[in-house]
Amino acid sequence: MEKSKLFTYALIWHPNEAQAKEGKKSKIIKEPTHFLAKDQNSASIKVAMEIPADYKDELDQIEIALSAF
């Protein structure tokens with residue numbers, strides 16, 4: 001049986017040029033969270049599904065910070 005690995009992730013939103021000119025700044029939209037997954041690919045898919053619906057039209061502005069331990 002394959003053991004699960006520990007991962008931590010956070011989601012960060014970055015403004016585009018127009019939004020930055022309006023004074024908007026990068027912000028964390030999902031605080032660092034720990035979870036178990038069988039591999040990096042499974043972890044990436046799980047994290048992508050956690051992007052809030054409010055940001056689905058700005059996917060190119062979302063940074064996924066994902067780390068395995």
Side-chain angles (χ1 to χ4, degrees):
M1 183 170 145
E2 187 175 333
K3 292 183 181 179
S4 294
K5 298 176 184 172
L6 178 65
F7 290 87
T8 299
Y9 80 96
L11 298 174
I12 305 160
W13 174 84
H14 298 287
N16 59 27
E17 286 186 36
Q19 292 165 329
K21 287 180 182 176
E22 294 172 1
K24 294 185 179 179
K25 298 183 182 207
S26 296
K27 63 181 177 179
I28 296 173
I29 57 174
K30 177 75 173 172
E31 293 292 328
T33 304
H34 307 290
F35 68 100
L36 296 173
K38 69 178 184 172
D39 57 31
Q40 184 81 24
N41 188 44
S42 297
S44 296
I45 292 168
K46 177 180 174 28
V47 173
M49 292 172 46
E50 296 293 322
I51 297 172
D54 297 350
Y55 293 93
K56 295 287 185 182
D57 59 339
E58 299 178 332
L59 291 177
D60 59 328
Q61 294 171 246
I62 303 295
E63 176 184 352
I64 296 175
L66 177 63
S67 179
F69 289 90

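If you read the sequence from its start, that first residue is 1, and numbering goes on from there.
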Checklist entry - Does atom CD of E17 have more than 12 heavy-atom neighbours from other groups under 6.0 Å away? => result no
Item to check | For F69, the rest of its hydrophobic cluster, which grows through side-chain links under 4.5 angstrom | outcome: L6, L36
Checklist entry - With side chains defined as the heavy atoms from C-beta onward, is the minimum distance between I29 and I62 less than 4.5 Å? => result yes
Checklist entry - Is there a donor-acceptor pair closer than 3.5 Å between any side-chain N or O of Q61 and the backbone N or O of H14? => result yes
Checklist entry - With a 4.5 Å heavy-atom cut-off, do L66 and Q40 have their side chains touching? => result yes
Checklist outcome for this item: CZ of F7 to OG of S44, rounded to nearest 0.5 Å, is 7.5 Å
Checklist entry - CH2/W13 to NZ/K25 distance, rounded to the nearest 0.5 angstrom? => result 12.0 Å
Checklist entry - Considering only heavy atoms from C-beta outward, does the side chain of L11 approach that of I64 to under 4.5 Å? => result yes
Do any side-chain atoms of residues 49-56 form donor-acceptor pairs under 3.5 angstrom with protein atoms, and if so which ones, sequence neighbours left out?
residue : atom : partner : partner atom : Å
Y55     : OH   : K27     : NZ           : 3.2
K56     : NZ   : I51     : O            : 3.3

Next on the checklist: So, using side chain to side chain donor-acceptor pair (under 3.5 Å) as the criterion, who are the partners of T33 when residues are at least two apart?
Outcome noted: none
